[in-house]
Amino acid sequence: MEVYKAALISGKKQALKGVLDCLEKDNTNEERRTSALLGLPHYFSEEPANVIRMCDAYGETLDVAMRGMQVGLLIGYEGAQLDAFPQESFNVAVVAEETIVLHNLKDVPSGFAMLMGIIYCVNLEYPQAMKYSFEFLQRVVIKPDEASAQIHGLRNKLLRYKL
């Protein structure tokens with residue numbers, strides 16, 4: 001989170017403000033993990049709208065929410081979403097080719113883990129809209145062997161902070 005805060009203060013990554021504001025309201029480990037994962041595309045200046053979508057239980061239908069999603073997460077919530085992500089999600093689902101392949105996941109980090117597993121098992125390509133975010137998760141979090149210069153840069157910044 002310190003890397004996100006530093007990027008926000010520098011004025012380069014204003015999209016992270018909403019993610020960090022959500023964390024100020026509820027600073028639990030689960031929210032920290034969710035913020036780290038949902039903030040990653042904003043840190044890399046990627047557009048996550050076609051990969052990560054929020055869906056109100058009483059709003060749009062699933063067909064509308066999944067339209068155009070080749071692979072991604074659908075985060076279900078109830079009530080008004082006033083922040084970058086809902087404080088309480090009741091269902092996280094993994095979507096592949098506009099079809100829910102896994103659902104009833106308890107939280108966003110579990111959803112990301114399942115999404116990475118499905119991409120790997122089915123041998124899908126990472127979505128271009130979040131190429132660097134998925135590369136970061138694969139090469140730094142899972143196995144830090146070979147990574148691009150942009151990924152190594154973030155890894156080195158993370159290693160400067162005490163975890």
For residues 102-115, which side-chain donor-acceptor pairs fall under 3.5 Å, sequence neighbours excluded?
unit_1: N104; atom_1: OD1; unit_2: N91; atom_2: ND2; d: 3.4
unit_1: D107; atom_1: OD1; unit_2: S110; atom_2: N; d: 2.9
unit_1: D107; atom_1: OD1; unit_2: S110; atom_2: OG; d: 2.6

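- Crowding of E97 atom CD: a count of heavy atoms from other residues, nucleotides or ligands under 6.0 Å not exceeding 12.
- In this structure, Q14 places its CD atom where more than 12 heavy-atom neighbours from other residues, nucleotides or ligands lie under 6.0 Å away.
- Under the 4.5 Å side-chain heavy-atom criterion for grouping Ile, Leu, Val, Met, Phe, Trp and Tyr, F90 is not connected to I100 through any hydrophobic cluster.
- In this structure, CG on L20 lies 8.5 Å from OH on Y4, to the nearest 0.5 angstrom.
- Judged as a side-chain contact (heavy atoms from CB on, under 4.5 Å), and not counting sequence neighbours, the contacts of M69 are R53, V95.
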Problem - Residue pair Y126, Q138: steps toward the side-chain contact (heavy atoms from CB on, under 4.5 Å) verdict - result: CA-CA 10 Å; Y126 292 139; Q138 177 190 346; 2.6 Å; yes
Check: residues 38-47 side-chain donor-acceptor pairs under 3.5 Å, at least two apart:
unit_1: Y43; atom_1: OH; unit_2: K157; atom_2: NZ; d: 3.1
unit_1: S45; atom_1: OG; unit_2: K13; atom_2: NZ; d: 3.2
unit_1: E46; atom_1: OE1; unit_2: S133; atom_2: N; d: 3.3
unit_1: E46; atom_1: OE1; unit_2: S133; atom_2: OG; d: 2.5
unit_1: E46; atom_1: OE2; unit_2: K131; atom_2: N; d: 3.2
unit_1: E46; atom_1: OE2; unit_2: Y132; atom_2: N; d: 2.6
unit_1: E47; atom_1: OE2; unit_2: A49; atom_2: N; d: 3.4

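- Looking at residues two or more places apart in sequence or on another chain, you find no side-chain contact (heavy atoms from CB on, under 4.5 Å) involving Y120.
- Rounded to the nearest 0.5 Å, atoms CD (E31) and CZ (R33) are 11.0 Å apart.
- Screening residues 62-76 for side-chain hydrogen bond (donor to acceptor under 3.5 Å, both in side chains), with sequence neighbours left out, gives no hits.
- By the side-chain contact (heavy atoms from CB on, under 4.5 Å) test, A65 is found to be paired with C55, E60, L74, residues two or more places apart in sequence or in another chain being considered.
- Here I118 contributes atom CD1 and M116 contributes atom CE; the two are 12.0 Å apart, rounded to the nearest 0.5 Å.
- Interatomic distance, S35 OG to E24 CD, rounded to the nearest 0.5 Å: 10.5 Å.
- Using a 4.5 Å cut-off on side-chain heavy atoms (C-beta onward), I119 and V71 make contact.
- The distance from atom CD1 of I75 to atom CG of D56, rounded to the nearest 0.5 Å, is 13.5 Å.
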